[in-house]
Amino acid sequence: MLLHVVHGGERRTDQVQAATIQTGLPVLDGPAEEWWLSPEAVHPIEHAGVVLRANRDIAMGCVHLHEADLRADTAGTAQAAFASLLAAIKHAGYPWLLRTWIYLADIHRGSDDNERYRQFCVGRARALAEHTRGPMDYPAATAIGIPSGGGGSIHFLAATRAGEAIENPRQTSAFDYPRRYGPQPPSFVRAMRTPWHDLLVSGTASVVGHDSHFPGDAEAQAATTRDNVHALLAQSPADWKTERTIIYVREPQDLAAVGALRPATGDCTVLQGDICRPELMLECEVLLRG
(Lines give C-alpha, C1' and ligand atoms only; values in the text may rest on other atoms or scores of the structure.)
Protein backbone atom coordinates (compact mmCIF):
# COMPACT_ATOMS: atom_id res chain seq x y z
CA MET A 1 0.00 0.00 0.00
CA LEU A 2 1.31 3.41 -1.01
CA LEU A 3 -1.20 5.56 0.88
CA HIS A 4 -4.43 5.24 2.84
CA VAL A 5 -6.59 8.38 3.04
CA VAL A 6 -9.39 8.46 5.60
CA HIS A 7 -12.09 11.14 5.58
CA GLY A 8 -14.42 12.02 8.43
CA GLY A 9 -13.72 12.10 12.15
CA GLU A 10 -10.92 14.12 13.70
CA ARG A 11 -7.96 15.05 11.52
CA ARG A 12 -4.80 13.22 12.60
CA THR A 13 -1.21 14.19 11.89
CA ASP A 14 0.62 11.31 13.57
CA GLN A 15 0.01 8.44 11.17
CA VAL A 16 2.34 9.11 8.25
CA GLN A 17 4.65 6.25 9.27
CA ALA A 18 1.66 3.93 8.89
CA ALA A 19 0.88 5.42 5.48
CA THR A 20 -2.46 6.79 6.69
CA ILE A 21 -3.68 10.36 6.26
CA GLN A 22 -6.83 11.44 8.11
CA THR A 23 -8.31 14.62 6.61
CA GLY A 24 -11.15 15.38 9.01
CA LEU A 25 -13.49 16.32 6.15
CA PRO A 26 -17.07 15.23 6.95
CA VAL A 27 -18.36 12.45 4.69
CA LEU A 28 -21.80 13.23 3.24
CA ASP A 29 -22.06 10.19 0.97
CA GLY A 30 -20.02 7.28 -0.34
CA PRO A 31 -16.83 5.54 0.85
CA ALA A 32 -14.86 7.28 3.60
CA GLU A 33 -11.53 5.78 2.56
CA GLU A 34 -9.18 5.96 -0.42
CA TRP A 35 -6.70 3.16 -0.94
CA TRP A 36 -3.70 3.77 -3.17
CA LEU A 37 -2.42 0.26 -3.74
CA SER A 38 0.69 -1.03 -5.46
CA PRO A 39 0.94 -4.21 -7.56
CA GLU A 40 4.46 -4.73 -6.24
CA ALA A 41 6.39 -4.43 -3.00
CA VAL A 42 6.39 -1.06 -1.24
CA HIS A 43 9.18 0.27 0.94
CA PRO A 44 9.51 3.36 3.17
CA ILE A 45 11.97 6.16 2.46
CA GLU A 46 12.63 9.09 4.80
CA HIS A 47 14.49 12.28 3.96
CA ALA A 48 14.73 15.30 6.25
CA GLY A 49 11.55 14.36 8.07
CA VAL A 50 9.46 13.60 4.99
CA VAL A 51 8.32 9.97 4.82
CA LEU A 52 7.59 8.37 1.45
CA ARG A 53 6.26 4.94 0.59
CA ALA A 54 7.43 3.81 -2.82
CA ASN A 55 7.66 1.00 -5.32
CA ARG A 56 10.00 0.97 -8.32
CA ASP A 57 8.10 3.67 -10.21
CA ILE A 58 6.06 5.87 -7.88
CA ALA A 59 6.13 7.32 -4.38
CA MET A 60 3.50 8.89 -2.14
CA GLY A 61 3.82 10.86 1.07
CA CYS A 62 2.59 13.77 3.16
CA VAL A 63 3.83 17.01 4.68
CA HIS A 64 1.90 18.62 7.54
CA LEU A 65 1.37 22.36 8.04
CA HIS A 66 1.13 23.65 11.60
CA GLU A 67 -1.51 26.24 12.40
CA ALA A 68 0.91 28.48 14.33
CA ASP A 69 3.25 28.56 11.33
CA LEU A 70 0.42 29.37 8.91
CA ARG A 71 -0.75 32.22 11.14
CA ALA A 72 2.77 33.64 11.39
CA ASP A 73 3.70 33.36 7.69
CA THR A 74 1.43 31.43 5.32
CA ALA A 75 3.57 32.01 2.23
CA GLY A 76 6.76 31.03 4.02
CA THR A 77 5.16 27.93 5.50
CA ALA A 78 3.85 26.81 2.11
CA GLN A 79 7.22 27.44 0.48
CA ALA A 80 9.05 25.44 3.15
CA ALA A 81 6.57 22.55 2.91
CA PHE A 82 6.85 22.29 -0.85
CA ALA A 83 10.62 22.70 -0.73
CA SER A 84 10.89 19.81 1.74
CA LEU A 85 8.67 17.45 -0.26
CA LEU A 86 10.43 18.36 -3.51
CA ALA A 87 13.82 17.73 -1.91
CA ALA A 88 12.58 14.38 -0.58
CA ILE A 89 11.28 13.08 -3.92
CA LYS A 90 14.44 14.23 -5.72
CA HIS A 91 16.67 12.56 -3.12
CA ALA A 92 14.66 9.33 -3.32
CA GLY A 93 14.79 9.16 -7.13
CA TYR A 94 11.17 10.13 -7.91
CA PRO A 95 11.75 13.70 -9.15
CA TRP A 96 8.48 14.21 -11.05
CA LEU A 97 5.71 15.62 -8.89
CA LEU A 98 2.48 14.52 -10.61
CA ARG A 99 -0.32 15.22 -8.13
CA THR A 100 -0.92 17.09 -4.88
CA TRP A 101 -3.89 17.27 -2.49
CA ILE A 102 -3.89 20.31 -0.23
CA TYR A 103 -6.07 20.57 2.87
CA LEU A 104 -5.94 24.02 4.42
CA ALA A 105 -7.77 25.21 7.54
CA ASP A 106 -9.43 28.64 7.34
CA ILE A 107 -8.68 28.80 3.64
CA HIS A 108 -10.33 32.23 3.36
CA ARG A 109 -8.80 33.67 6.52
CA GLY A 110 -7.65 37.25 5.88
CA SER A 111 -8.76 39.66 3.20
CA ASP A 112 -7.70 40.50 -0.36
CA ASP A 113 -4.07 39.54 -1.03
CA ASN A 114 -3.62 38.48 2.61
CA GLU A 115 -6.19 35.71 2.30
CA ARG A 116 -4.63 32.44 3.43
CA TYR A 117 -5.18 30.65 0.12
CA ARG A 118 -3.70 33.51 -1.90
CA GLN A 119 -0.63 33.58 0.34
CA PHE A 120 -0.36 29.80 0.10
CA CYS A 121 -0.22 30.18 -3.69
CA VAL A 122 2.67 32.63 -3.31
CA GLY A 123 4.73 30.16 -1.29
CA ARG A 124 3.92 27.18 -3.49
CA ALA A 125 4.99 29.08 -6.61
CA ARG A 126 8.31 30.11 -5.06
CA ALA A 127 9.17 26.50 -4.26
CA LEU A 128 8.05 25.11 -7.63
CA ALA A 129 10.05 27.80 -9.47
CA GLU A 130 13.21 26.17 -8.08
CA HIS A 131 12.12 22.70 -9.17
CA THR A 132 10.36 23.02 -12.53
CA ARG A 133 11.21 24.17 -16.03
CA GLY A 134 7.87 25.93 -16.42
CA PRO A 135 4.12 25.66 -15.81
CA MET A 136 3.67 22.44 -17.78
CA ASP A 137 5.84 20.75 -15.14
CA TYR A 138 3.39 21.74 -12.42
CA PRO A 139 1.39 18.93 -10.80
CA ALA A 140 -2.33 18.38 -10.98
CA ALA A 141 -3.83 19.60 -7.70
CA THR A 142 -6.79 19.99 -5.39
CA ALA A 143 -6.95 22.62 -2.62
CA ILE A 144 -9.80 22.33 -0.12
CA GLY A 145 -10.59 24.12 3.12
CA ILE A 146 -10.89 21.97 6.24
CA PRO A 147 -12.42 22.83 9.64
CA SER A 148 -10.82 25.86 11.28
CA GLY A 149 -7.80 25.77 13.54
CA GLY A 150 -6.37 22.57 12.11
CA GLY A 151 -3.36 23.77 10.16
CA GLY A 152 -3.17 21.72 7.00
CA SER A 153 -1.43 19.03 5.00
CA ILE A 154 -0.17 18.26 1.52
CA HIS A 155 -0.16 14.70 0.33
CA PHE A 156 1.37 13.93 -3.00
CA LEU A 157 2.25 11.45 -5.72
CA ALA A 158 5.63 11.49 -7.48
CA ALA A 159 7.25 9.28 -10.10
CA THR A 160 10.53 8.31 -11.71
CA ARG A 161 9.18 9.50 -15.09
CA ALA A 162 7.35 12.61 -16.19
CA GLY A 163 3.64 12.65 -16.86
CA GLU A 164 1.79 14.60 -19.54
CA ALA A 165 0.12 17.81 -18.39
CA ILE A 166 -3.29 18.48 -19.97
CA GLU A 167 -5.11 21.80 -20.08
CA ASN A 168 -8.78 22.53 -20.71
CA PRO A 169 -9.94 24.61 -23.72
CA ARG A 170 -12.97 25.83 -21.73
CA GLN A 171 -10.82 27.22 -18.95
CA THR A 172 -7.96 29.66 -18.65
CA SER A 173 -4.94 27.78 -17.34
CA ALA A 174 -4.82 28.40 -13.60
CA PHE A 175 -1.22 29.60 -13.85
CA ASP A 176 -2.40 32.30 -16.30
CA TYR A 177 -5.18 33.74 -14.12
CA PRO A 178 -5.24 37.56 -14.11
CA ARG A 179 -4.07 39.65 -11.17
CA ARG A 180 -7.53 40.07 -9.64
CA TYR A 181 -7.33 36.52 -8.28
CA GLY A 182 -4.28 37.29 -6.20
CA PRO A 183 -0.59 38.23 -6.32
CA GLN A 184 0.36 34.78 -7.62
CA PRO A 185 -1.77 32.55 -9.89
CA PRO A 186 -2.28 28.97 -8.65
CA SER A 187 0.54 26.66 -9.74
CA PHE A 188 -1.20 23.57 -11.09
CA VAL A 189 -2.33 21.97 -14.34
CA ARG A 190 -5.88 20.84 -15.08
CA ALA A 191 -4.98 17.15 -15.35
CA MET A 192 -1.99 14.84 -15.46
CA ARG A 193 -1.72 11.72 -17.60
CA THR A 194 0.65 9.42 -15.78
CA PRO A 195 3.39 7.27 -17.35
CA TRP A 196 1.29 4.21 -16.39
CA HIS A 197 -1.75 5.63 -18.26
CA ASP A 198 -3.97 6.87 -15.47
CA LEU A 199 -5.55 10.30 -15.72
CA LEU A 200 -5.51 12.46 -12.59
CA VAL A 201 -8.06 15.27 -12.96
CA SER A 202 -7.44 18.26 -10.71
CA GLY A 203 -10.08 19.89 -8.57
CA THR A 204 -12.55 21.23 -11.15
CA ALA A 205 -15.35 23.72 -10.52
CA SER A 206 -17.83 25.99 -12.30
CA VAL A 207 -15.15 28.18 -13.89
CA VAL A 208 -15.30 29.04 -17.60
CA GLY A 209 -12.42 31.07 -18.89
CA HIS A 210 -11.30 32.42 -15.53
CA ASP A 211 -14.73 33.52 -14.30
CA SER A 212 -16.89 31.71 -11.75
CA HIS A 213 -20.29 30.85 -13.20
CA PHE A 214 -23.71 30.58 -11.51
CA PRO A 215 -23.05 31.89 -7.99
CA GLY A 216 -25.78 30.68 -5.66
CA ASP A 217 -27.02 27.90 -7.99
CA ALA A 218 -25.46 24.57 -6.98
CA GLU A 219 -27.21 22.54 -9.68
CA ALA A 220 -26.00 24.86 -12.44
CA GLN A 221 -22.50 24.82 -10.98
CA ALA A 222 -22.54 21.02 -10.94
CA ALA A 223 -23.63 20.89 -14.60
CA THR A 224 -20.92 23.37 -15.62
CA THR A 225 -18.31 21.41 -13.69
CA ARG A 226 -19.42 18.22 -15.47
CA ASP A 227 -19.05 19.97 -18.84
CA ASN A 228 -15.56 21.10 -17.85
CA VAL A 229 -14.52 17.56 -16.99
CA HIS A 230 -15.91 16.24 -20.28
CA ALA A 231 -14.05 18.94 -22.24
CA LEU A 232 -10.84 17.99 -20.45
CA LEU A 233 -11.26 14.30 -21.25
CA ALA A 234 -11.69 15.19 -24.92
CA GLN A 235 -8.15 16.60 -24.87
CA SER A 236 -6.75 13.18 -24.00
CA PRO A 237 -9.04 10.66 -25.71
CA ALA A 238 -8.79 7.08 -24.51
CA ASP A 239 -10.99 4.27 -23.31
CA TRP A 240 -11.16 5.80 -19.84
CA LYS A 241 -12.79 3.98 -16.94
CA THR A 242 -13.68 6.11 -13.94
CA GLU A 243 -12.06 4.61 -10.85
CA ARG A 244 -12.86 7.26 -8.24
CA THR A 245 -14.71 10.56 -8.09
CA ILE A 246 -14.55 12.87 -5.10
CA ILE A 247 -17.03 15.74 -4.90
CA TYR A 248 -16.57 18.55 -2.39
CA VAL A 249 -19.53 20.71 -1.37
CA ARG A 250 -19.40 23.72 0.92
CA GLU A 251 -22.84 23.16 2.47
CA PRO A 252 -24.47 19.79 3.25
CA GLN A 253 -27.83 20.98 1.91
CA ASP A 254 -26.30 21.01 -1.58
CA LEU A 255 -25.75 17.24 -1.56
CA ALA A 256 -28.80 16.70 -3.77
CA ALA A 257 -27.40 19.10 -6.38
CA VAL A 258 -24.34 17.00 -7.22
CA GLY A 259 -26.21 14.46 -9.35
CA ALA A 260 -24.69 15.77 -12.59
CA LEU A 261 -21.24 14.88 -11.24
CA ARG A 262 -21.95 11.32 -10.15
CA PRO A 263 -20.20 8.86 -12.48
CA ALA A 264 -21.76 5.76 -13.99
CA THR A 265 -18.87 3.63 -12.73
CA GLY A 266 -16.38 3.68 -9.90
CA ASP A 267 -16.54 4.90 -6.33
CA CYS A 268 -18.03 8.33 -5.60
CA THR A 269 -17.48 10.13 -2.31
CA VAL A 270 -19.07 13.45 -1.36
CA LEU A 271 -17.23 15.47 1.29
CA GLN A 272 -18.01 18.75 3.01
CA GLY A 273 -15.17 21.19 2.44
CA ASP A 274 -14.55 24.81 1.60
CA ILE A 275 -13.84 25.71 -2.04
CA CYS A 276 -10.98 28.05 -2.91
CA ARG A 277 -13.26 30.83 -4.22
CA PRO A 278 -16.05 31.98 -1.88
CA GLU A 279 -18.66 32.03 -4.66
CA LEU A 280 -17.99 28.44 -5.71
CA MET A 281 -20.26 25.93 -4.00
CA LEU A 282 -18.68 22.66 -5.13
CA GLU A 283 -15.90 21.03 -7.10
CA CYS A 284 -14.82 17.55 -8.04
CA GLU A 285 -11.73 15.53 -8.86
CA VAL A 286 -11.52 12.28 -10.80
CA LEU A 287 -9.14 9.34 -11.11
CA LEU A 288 -9.50 7.43 -14.39
CA ARG A 289 -7.75 4.29 -15.59
CA GLY A 290 -6.66 3.98 -19.19
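Note that the numbering runs from 1 along the sequence shown for the chain.
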Note to self: Set out, in order, the CA-CA distance, both residues' side-chain angles and the distance that settles side-chain hydrogen bond (donor to acceptor under 3.5 Å, both in side chains) for Arg99 and Thr142, then state yes or no.
What the structure shows: CA-CA 8 Å; Arg99 183 68 161 94; Thr142 299; 3.0 Å; yes
Next item on the list: Apply side chain to side chain contact (heavy atoms under 4.5 Å, CB included) to Val249 and Val270, showing your working.
Entry: CA-CA 7 Å; Val249 298; Val270 185; 4.2 Å; yes
Margin query: As a quick check of understanding, evaluate side chain to side chain contact (heavy atoms under 4.5 Å, CB included) for Trp101 and Ile246, giving each step before the final call.
Written below: CA-CA 12 Å; Trp101 294 263; Ile246 298 182; 6.0 Å; no
Next item on the list: Dump the intermediate steps for side chain to side chain contact (heavy atoms under 4.5 Å, CB included) on Leu104 and Leu70, then the final yes or no.
Entry: CA-CA 9 Å; Leu104 195 60; Leu70 288 168; 4.0 Å; yes
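Formation of a donor-acceptor pair under 3.5 Å by the Thr269 side chain with backbone atoms of Pro31 is found in this model. Side-chain atoms of Gln171 come within 3.5 Å of backbone N or O of Val207 as a donor-acceptor pair. A donor-acceptor pair is defined here as one N or O able to donate and one able to accept, closer than 3.5 Å; such a pair exists between the side chain of Arg53 and the backbone of Met1. Not a single donor-acceptor pair under 3.5 Å links the side chain of His66 to the backbone N or O of Gly151. Under the 3.5 Å distance criterion, the side-chain polar atoms of Arg124 are left unmatched by any main-chain donor or acceptor of Pro186. Arg161 places no side-chain N or O within 3.5 Å of a backbone atom of Trp96 that could act as its donor or acceptor partner.
Sorted by first and then second residue, the side chain to side chain donor-acceptor pair (under 3.5 Å) pairs with a member in residues 222-241 read Arg170-Asn228, Arg193-Ser236; sequence neighbours excluded.
Under the 30°/60° scheme for interplanar angles, the aromatic rings of Tyr138 and Phe175 are found to stand perpendicular. Ring pair Tyr117/Phe120 is parallel by interplanar angle, where below 30° counts as parallel and above 60° as perpendicular. Classification of the His210-Tyr181 ring pair by plane angle, with boundaries at 30° and 60°, yields perpendicular.
Annotation for Glu130: atom CD does not count as buried by contact number, only 12 or fewer foreign heavy atoms lying within 6.0 Å.
The existence of a salt bridge linking Asp211 and Arg180 is confirmed by a sub-4.0 Å separation between a basic side-chain nitrogen and an acidic carboxylate oxygen. Asp113 has a carboxylate O that lies under 4.0 Å from a charged side-chain N of Arg118, or vice versa, which qualifies the two as a salt bridge.
Side-chain contact between Glu283 and Thr204 is absent, with no heavy-atom pair separated by less than 4.5 Å. Side chains of Glu46 and Val51 form a contact here, defined as non-hydrogen atoms less than 4.5 Å apart.
Closest approach of Gln221 to Met281, counting heavy atoms only: OE1-N, 2.9 Å. Heavy atoms only, all atoms of each residue included: Asn168 and Ala231 are closest at OD1-CB, 3.5 Å. Taking all atoms of both residues into account, the shortest heavy-atom contact from Phe188 to Ser202 is CD1-OG, 3.9 Å. Here the shortest heavy-atom pairing between Leu282 and Ile275 reads N-CG1, 3.8 Å. In terms of heavy atoms, Arg190 sits closest to Thr172 at NH2-O, 2.6 Å.
Screening Glu34, Glu33, Gln22 for a side chain to side chain donor-acceptor pair (under 3.5 Å) involving His7 leaves a single residue, Glu34.
Atom OG of residue Ser84 and atom CD of residue Gln79 lie 11.0 Å apart, to the nearest 0.5 angstrom.
Neither Ile247 nor Val5 shares a network with the other; the hydrophobic side chains, linked directly or stepwise wherever heavy atoms of I, L, V, M, F, W or Y lie under 4.5 Å apart, form separate groups for each.
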